[in-house]
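Numbered from 1 within each chain, the chains take letters A, B, ... in sequence-line order.
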There are 4 protein chains.
Amino acid sequence: MSHAETLSAEKEQQILDGAAAVFAAEGYEGASMSRIAAEAGVSKGTLYNYFESKAELFTAFVRRECHRILFVFDDLTDDTPLEEGLCRVGERMLRMLVSEPGLLIYRMVVAEAGKFPELAHAFYGAGPARVKERMAEWIRHHAECGRLQVEDAEFAAEQLSALMQTQLCMKRRLRLIESVPDAEIHRVVECAVKLFLSGYGAKPAVPT
Amino acid sequence: MSHAETLSAEKEQQILDGAAAVFAAEGYEGASMSRIAAEAGVSKGTLYNYFESKAELFTAFVRRECHRILFVFDDLTDDTPLEEGLCRVGERMLRMLVSEPGLLIYRMVVAEAGKFPELAHAFYGAGPARVKERMAEWIRHHAECGRLQVEDAEFAAEQLSALMQTQLCMKRRLRLIESVPDAEIHRVVECAVKLFLSGYGAKPAVPT
Amino acid sequence: MSHAETLSAEKEQQILDGAAAVFAAEGYEGASMSRIAAEAGVSKGTLYNYFESKAELFTAFVRRECHRILFVFDDLTDDTPLEEGLCRVGERMLRMLVSEPGLLIYRMVVAEAGKFPELAHAFYGAGPARVKERMAEWIRHHAECGRLQVEDAEFAAEQLSALMQTQLCMKRRLRLIESVPDAEIHRVVECAVKLFLSGYGAKPAVPT
Amino acid sequence: MSHAETLSAEKEQQILDGAAAVFAAEGYEGASMSRIAAEAGVSKGTLYNYFESKAELFTAFVRRECHRILFVFDDLTDDTPLEEGLCRVGERMLRMLVSEPGLLIYRMVVAEAGKFPELAHAFYGAGPARVKERMAEWIRHHAECGRLQVEDAEFAAEQLSALMQTQLCMKRRLRLIESVPDAEIHRVVECAVKLFLSGYGAKPAVPT
DNA sequence: GATGAATGAGGGTTCATTCAT
DNA sequence: AATGAATGAACCCTCATTCAT
């Protein structure tokens, strides 16, 4: 992206793959260009033909991972039934959050927010902020249809997102567990949606 | 505890203070023992009299920070009114999460979970797990009193915790904002408790 | 001369021009083949088609510069009046010594005499030695005509050369000054010739 | 000089000796800190305990060499007879110029004047300029005593200095010769002084 | 017990050179 | 003949760790 197209795009991906492996295992500071080169199967010099510095390689790697991850709303339309839509979006979000690439990028961006503020900003904009925004739109739509009673759609969206991030998520972030069974995900999402709807769902008319 | 009585506990704290400053600013890999020694006002050799290695110093520092942070339930009793208790606990938790020491420890543990799995474990046990456990007890108490309708108190506690961690929290973790106004905290906590109670609060008897 | 006829002499000069610019700015070790290639507007590979190595390119560049510089005696004939000839030669020599190309070559050859002894030898032969020899011939001619009283013409030539290299010259070599006004040059040369003639000029017959 | 006195002055000299050997052989850019460490018999790290960087080590080395070299006028008094004084000073200067340390420092300062302008400046001030000034004073003294006819004593001093730097000097600078016989030095100095006095010496009264 | 000079492996980066295209 | 991507050794420098004082 930031480099001439004369260099092989294939090799660039190869390098980024190597970088992903090493950054994931060692973090930014802990990763060495030597190891990345070895992991990617290229020489150390080649790294510098593709990326000007370790920092730029890291940046490119984070940006690529960000793009790979953000697909949460791809096929949600206004016609999707309320509860089904909430569950589908929630499930996707949670799956992404506990997936290996999702965790990787979360850890790295949080860890290096001080050194790479622009990355933190880009991550927030492309990730949480975008999800919130899109979700708020959808919530607003359903509120207008009378199926939700929401005043601040954006905040409601934040709450829904937050409800997905129970300790399941935390445990993955801390690498206390290696994988997450589907059943767990379903349960978390279902309960989150239930709680959400109990607060924001249209109240049944109370019979007089 | 692991050291001979000949070493001064005071100096140990002095070193940990220096370590805290440098680890906070530079991260684990970025921190140098020289800088820590300078910051702590001792010689490099002394560092190694108190801690066997950089890794052990880091471990000790993280453990101390963990202990400093966990005070959430200190004065909550069974008599505390339900909503007030929820708010008080939530507020403390959120304040801790967005505080500089809280963020520091969160970032470091998440970042180095791969290299220091035992730290991640200890952090989880001393932090999220303990909070959840304590909160679940309290919820269970109120459920037994009929003020809450909760089947799985632990999961409910997780949800309440999760609701505190809206994007306010994320923004702090990403260093997108430098501080958090009290009003913001109040609002997040209040809304969290409201949503929580809408789902778990005792339903008013429906008139027949 | 050492290359196949398939290579373009034009491009060779182009490369040497690039090399001159970079060697002048960075010195031998400081210059990079990449920068030379860029400066010359050719690829790195092409450099190696024309010159076997960095050392050979440097050698070729120094030799070319040597040739460019040596023009001191071009139009001096036996008929040129003594003092005028001395001044003209002196002035040219001094101008050459303080000129940018002259300084460049002097600095580089002196700096790299250890690594490139054959270059130092070639430089001496093409420069100082040739000037001395040519000047000695001319001095000898005037001695035979009775206008100079010289026993060792070669040594006298060395002295005349030496007299041109006052601190003006040194200051330029040390880059303490950026340019030399004509008046300064005239003065140095004039005084040098005057001193020279006071020692070697034919003594007026002492009246009996 | 620029460092705390806590480090061993002995080892500092040891390092500077190693640096001298390597800088002399390879030049500034060509010298590697590894080789200097090996030559000095210390580890690479130790180099950096004593000198902050390669540039600073080079600077320290040049300054030390400068101080070692400047002793030309140490015992010249106003009572020293004219011709003897001129010869003595000239001889010392020439010996210094063709000595290994003298050449070393000349080569390095000329070669790196672009990169280390402050060194070039310091060298000029401590070397050529100081010699000129001191020599001019002495010449002025003899002029006042009527033994010399000099208008611009400083310029005359420059000329005398210049006359020492015949091709003997140049050959050493180019490493074309390894050593200089005393006889050569004597001859150059004697002829220089003779020429100098023929121009600036008090003229014998011409008998009427 | 405290010090900090010494170590040397390893860090990121550059660069002369090669070679497939 | 010309290119420039690839290489890997070597660059300057940092740092966790040791140990004589």
Side-chain angles (χ1 to χ4, degrees), chain A residues 3-4 6-8 11-12 15 29-38 41-57, chain B residues 3-8 11 29-38 41-58, chain C residues 3-8 11 29-38 41-58, chain D residues 3-4 6-8 11-12 15 29-38 41-57:
Chain A
H3 286 286
T6 53
L7 294 166
S8 145
K11 189 153 280 185
E12 184 168 329
I15 290 172
E29 297 280 359
S32 88
M33 293 298 263
S34 293
R35 250 201 85 184
I36 291 174
V42 301
S43 75
K44 240 191 309 184
T46 297
L47 251 45
Y48 286 87
N49 287 339
Y50 285 82
F51 302 96
E52 286 195 350
S53 66
K54 188 187 182 183
E56 219 205 51
L57 172 55
Chain B
H3 293 293
E5 317 308 312
T6 48
L7 295 168
S8 134
K11 190 156 281 187
E29 297 281 356
S32 90
M33 292 297 264
S34 292
R35 252 201 82 185
I36 291 174
V42 302
S43 76
K44 254 190 295 186
T46 299
L47 249 49
Y48 284 86
N49 287 338
Y50 285 82
F51 302 95
E52 286 199 348
S53 67
K54 188 185 180 185
E56 216 205 51
L57 172 55
F58 180 67
Chain C
H3 292 293
E5 316 308 316
T6 49
L7 295 168
S8 134
K11 189 155 283 187
E29 297 281 356
S32 89
M33 293 296 263
S34 291
R35 250 201 84 184
I36 292 174
V42 301
S43 77
K44 255 193 290 186
T46 299
L47 249 50
Y48 284 86
N49 287 338
Y50 283 83
F51 302 96
E52 285 198 349
S53 67
K54 188 185 180 183
E56 215 204 53
L57 172 56
F58 181 67
Chain D
H3 286 287
T6 52
L7 294 166
S8 145
K11 188 152 282 186
E12 183 168 329
I15 290 171
E29 297 280 0
S32 91
M33 293 297 265
S34 292
R35 249 201 85 184
I36 291 174
V42 300
S43 77
K44 240 189 307 182
T46 298
L47 251 47
Y48 286 88
N49 287 338
Y50 285 82
F51 302 96
E52 286 196 348
S53 65
K54 188 185 183 183
E56 218 205 52
L57 173 55

Quick check for you: to the nearest 0.5 Å, what is the distance between Tyr48(A) atom OH and Glu56(A) atom CD?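 The distance works out to 11.0 Å.
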side-chain contact (heavy atoms from CB on, under 4.5 Å) with Phe58(C): which residues, sequence neighbours excluded?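 Result, side-chain contact (heavy atoms from CB on, under 4.5 Å) vs Phe58(C): Phe23(C), Tyr28(C), Phe61(C), Val62(C), Met108(C), Glu112(C), Phe116(C), Leu119(C).
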Partner residues of [X] under the side chain to side chain donor-acceptor pair (under 3.5 Å) criterion, sequence neighbours left out:
X: Lys44(B); result: Ser34(B)
X: Ser53(C); result: none
X: Ser32(C); result: none

Pairs under 3.5 Å (Watson-Crick or G-U), crossing ones as [ ], inter-strand ones as |: DNA chain F comes out as .||||||||||||||||||||
Between [atom2] on [N] and [atom1] on [X], what's the gap in Å once rounded to a whole number?
X: Glu12(D); N: dA5(E); atom1: CD; atom2: C1'; value: 14 Å
X: Ile15(D); N: dA6(E); atom1: CD1; atom2: P; value: 7 Å
X: Phe51(A); N: dA5(F); atom1: CZ; atom2: P; value: 14 Å

Would you say dA6(F) has OP1 or OP2 under 4.0 Å from some side-chain N or O of Lys11(A)?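 Yes, within the criterion.
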When you check the phosphate oxygens OP1 and OP2 of dT3(E), does a side-chain N or O of Ser43(B) lie under 4.0 Å from one of them?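 It does, given that an N or O in the side chain of Ser43(B) lies less than 4.0 Å from OP1 or OP2 of dT3(E).
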Restricting to non-hydrogen atoms, name the atom on Leu47(B) and the atom on Met33(B) that form the minimum distance, rounded to 0.1 Å.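 Leu47(B) and Met33(B) have their closest heavy atoms at CD2-O, 3.4 Å.
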So do Lys54(B) and Ile36(B) actually touch side chain to side chain, heavy atoms under 4.5 Å?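 A side-chain contact under 4.5 Å is absent here.
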Contact check, side chains of Lys11(B) and Asn49(B), non-hydrogen atoms, under 4.5 Å: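 Not in contact.
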Going 5' to 3' through nucleotides 11-21 of chain E and flagging B where a protein heavy-atom sits under 4.0 Å of the base, S where only the sugar-phosphate is that close, and - otherwise, we get SSBBSSBB---
